[in-house]
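Report on one structure; see the data block that follows.
To find a chain, count down the sequence lines: A is the first, B the second, and so on, and within it residues start at 1. All values reported here derive from a predicted model rather than from experimental measurement.
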Amino acid sequence: MWNWDYAIKIFPEIFAALKITVTATFVGFALAMLLGLVLAISRRSSVKTVAYGSKGLIEFIRNTPLLVQLYFIFYVLPEVGIYLSPLSAGIIGLGIHYSTYLSEVYRSGIEAVPQGQWEAAKALNFSPWQVWSKIIIPQGLPPVIPVLGNYLITMFKETPLLSAITLVEILQTAKIIGSHSFRYLEAFTIVGILFLILSYPSSVMVRRLEMRMNKSLR
Amino acid sequence: MTILYLLPTLLQGLKITLIITFLAMLLAFVLAFLAGFGRLSKFRVVRFLTAFYVEVFRGTSLLVQLFWIYFALPLIGISLPPLAAGVLTLGLNYGAYGSEVVRSAILAVPKGQTEAGIALNFSPWRRLRHIILPQAFVMMLPGFGNLQIELLKGTSLVSLITLADLTYQATILNASTMETTMIYSLLLVIYFLIAWPLTRGIRWVENRLSVGRY
């Protein structure tokens with residue numbers, strides 16, 4: 001049954017591993033935000049090959065499991081000479097996978113920018129770079145911030161998958177502790193509770209932000 | 001030629017993947033409706049319990065839940081075989097997400113519809129069955145469709161609790177043949193070939209059902 005002394009003893013070790021989990025989440029998310037924007041913009045490209053190519057890429061990545069993509073990055077890339085540490089392979093995997101989701105989020109933001117804004121930019125002879133950086137993104141991004149927040153939380157919850165490519169993050173630490181003593185109950189329960197107390201308040205915060213923004217937009 | 005050698009084993013794993021997907025989908029669907037209605041219940045206890053279930057399963061990660069049910073539950077005396085543990089976890093997890101789909105769709109049916117049902121002296125059951133659900137169900141489809149794809153992709157995690165699904169077979173083949181590039185490329189393609197038609201199919205059903213509605 002549940003053993004408090006044991007739980008208290010192993011807690012610091014599991015808690016320390018949270019650092020790796022959080023690093024993977026934030027760096028992965030930054031990468032996903034950047035790649036997602038690139039995908040969202042190239043999907044709207046007037047060059048047909050670029051537009052269809054990025055659409056196909058998005059569909060392919062979205063329709064295959066993250067775990068398999070991680071295996072691919074970690075085990076197949078070394079065959080062509082690209083060696084990555086578990087952490088960087090994990091960050092790249094998370095970043096690429098979620099960039100396809102974020103590109104859809106950006107797309108909804110971009111499409112919500114009124115057509116007149118594009119026309120005004122054209123009338124003022126803005127370059128494509130100026131159109132995106134000065135007109136479309138500043139208007140299209142703020143409304144989708146809560147959705148981005150939700151994806152940050154989702155990504156945080158996906159990081160335990162990185163244990164499958166030998167990254168010693170929070171779940172892997174718990175598993176190692178468990179395998180030493182054959183007591184998995186405390187270790188895995190602590191991991192679950194840590195995830196819950198980090199992700200639940202954040203999702204409540206995102207919900208509040210969403211409500212406040214909806215109010216101010218009306 | 002290696003493909004001919006690799007495919008039979010992979011397809012064997014695919015069978016397990018499809019079985020898990022199907023069983024977990026059924027469980028998730030039932031739980032989504034139970035929890036979705038539970039959160040709209042007029043009894044506080046029911047509302048609280050379903051909210052607890054939903055938030056716990058949405059707030060922790062699928063893999064942690066899977067490990068908890070497979071490795072930790074036996075210590076309290078509940079030992080499940082890998083298949084049961086996999087189906088149960090996937091069902092519980094996606095059921096929790098699905099309940100939000102059900103709940104928001106029911107809330108999105110205009111209040112006037114319920115009032116009209118009351119005015120016409122429909123019983124609560126008939127109101128639900130003939131007025132609310134047909135309208136809400138169409139709104140649930142996009143949400144359920146997305147979840148179905150997520151569930152299919154989520155089944156790859158059961159390979160980590162030694163269930164011989166598609167991903168597991170690939171890992172085993174990789175260890176024995178070292179055809180890493182070929183195996184993992186095939187794996188990606190196979191998952192895509194199942195998931196993509198599913199995505200398209202759901203889109204098609206959505207379009208068919210929303211004809212004449214807005």
Side-chain angles (χ1 to χ4, degrees), chain A residues 1-3 21 59-80 97 101 153-164 170-172 174-175 178-179 182-204, chain B residues 17 55-77 93 97 146 149-160 165-168 170-171 174-175 178-200:
Chain A
M1 281 292 136
W2 181 269
N3 183 339
T21 297
E59 290 279 322
F60 187 78
I61 295 173
R62 279 179 71 119
N63 281 304
T64 48
L66 175 59
L67 181 63
V68 180
Q69 291 164 7
L70 288 172
Y71 283 152
F72 193 88
I73 292 170
F74 193 63
Y75 294 118
V76 176
L77 289 189
E79 306 258 308
V80 292
H97 191 79
Y101 287 83
I153 299 169
T154 310
M155 247 178 88
F156 171 60
K157 286 182 292 185
E158 291 277 355
T159 52
L161 283 193
L162 305 192
S163 67
I170 170 167
L171 183 66
Q172 188 68 14
K175 209 179 166 195
S179 66
F182 294 104
R183 293 196 59 90
Y184 287 104
L185 181 64
E186 289 85 358
F188 284 154
T189 308
I190 291 173
V191 173
I193 290 172
L194 279 176
F195 268 104
L196 195 61
I197 56 180
L198 284 171
S199 72
Y200 182 64
S202 334
S203 67
V204 171
Chain B
T17 294
E55 296 303 344
V56 164
F57 276 89
R58 274 163 35 112
T60 54
S61 113
L62 176 60
L63 189 59
V64 176
Q65 292 155 22
L66 193 63
F67 277 12
W68 200 85
I69 287 180
Y70 187 65
F71 293 110
L73 266 193
L75 290 166
I76 325 180
N93 184 283
Y97 282 97
N146 285 338
I149 304 294
E150 295 299 322
L151 196 152
L152 173 66
K153 292 193 293 175
T155 57
S156 65
L157 300 199
V158 299
S159 65
L160 299 172
D165 78 323
L166 184 53
T167 309
Y168 184 83
T171 330
N174 183 39
M178 300 306 267
E179 292 280 350
T180 312
T181 311
M182 176 68 95
I183 291 170
Y184 286 116
S185 309
L186 262 178
L187 191 57
L188 282 174
V189 170
I190 295 176
Y191 272 111
F192 179 72
L193 287 181
I194 318 164
W196 199 65
L198 204 61
T199 319
R200 294 275 112 189

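Distance check: A:Lys157 NZ to B:Asn93 CG gives 8.5 Å after rounding to the nearest 0.5 Å. To the nearest 0.5 Å, the span separating CD on A:Glu158 from CG on B:Leu157 amounts to 7.5 Å. Taking CD of A:Glu79 as the reference point, atom CE of B:Met178 lies at 7.5 Å (rounded to 0.5 Å). Here B:Tyr70 contributes atom OH and A:Phe188 contributes atom CZ; the two are 11.5 Å apart, rounded to the nearest 0.5 Å. Residue B:Asn146 holds its CG atom at 8.0 Å from OH of A:Tyr101, rounded to the nearest 0.5 Å. One finds the OH atom of B:Tyr184 at 11.0 Å from the CG atom of A:Leu70 (value rounded to the nearest 0.5 Å).
Put simply, the side chain of A:Ser199 gets close to the backbone of B:Gly59: a donor and an acceptor are under 3.5 Å apart. Using a distance-only test at 3.5 Å, with no hydrogens or angles considered, no donor-acceptor pair links the side chain of B:Lys153 to the main chain of A:Leu67.
Taking each heavy atom of A:Pro160 and B:Val64 in turn, the nearest pair found is CG-CG2, 4.0 Å. Between B:Thr60 and A:Gly192, the closest heavy-atom pair is CG2-O, 3.1 Å. Closest approach of A:Phe182 and B:Leu75 over heavy atoms only: O-CD2, 4.1 Å.
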Exercise for review: Evaluate the side-chain contact (heavy atoms from CB on, under 4.5 Å) criterion for residues A:Leu185 and B:Phe71: first the C-alpha distance (whole Å), next the side-chain angles of each, then the deciding distance (0.1 Å), finally the verdict.
Suggested key: CA-CA 7 Å; A:Leu185 181 64; B:Phe71 293 110; over 6 Å; no

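Only the side chain of A:Ser163 comes within contact range of chain B, with heavy atoms under 4.5 Å apart. Only the side chain of B:Ile149 comes within contact range of chain A, judged by heavy atoms closer than 4.5 Å. There is no contact between B:Leu166 and chain A, counting heavy-atom distances below 4.5 Å. Contact annotation for B:Thr199: only side-chain heavy atoms (C-beta onward) come within less than 4.5 Å of a heavy atom of chain A. Using a 4.5 Å cut-off between heavy atoms, B:Gln65 does not touch chain A at all. Of the atoms belonging to B:Ser159, it is side-chain heavy atoms, and not backbone ones, that fall under 4.5 Å from chain A. Interface residue A:Leu196: backbone and side-chain heavy atoms are both found under 4.5 Å from chain B.
The shortest distance between side-chain heavy atoms of A:Phe72 and B:Leu187 does not fall below 4.5 Å. For the pair B:Thr181/A:Tyr75, no side-chain contact is recorded, criterion being any heavy-atom separation below 4.5 Å from C-beta on. No side-chain heavy atom of A:Pro65 sits under 4.5 Å from any side-chain heavy atom of B:Thr167.
For the options B:Leu63, B:Leu188, B:Leu62, heavy-atom pairs under 4.5 Å to chain A are most numerous at B:Leu188.
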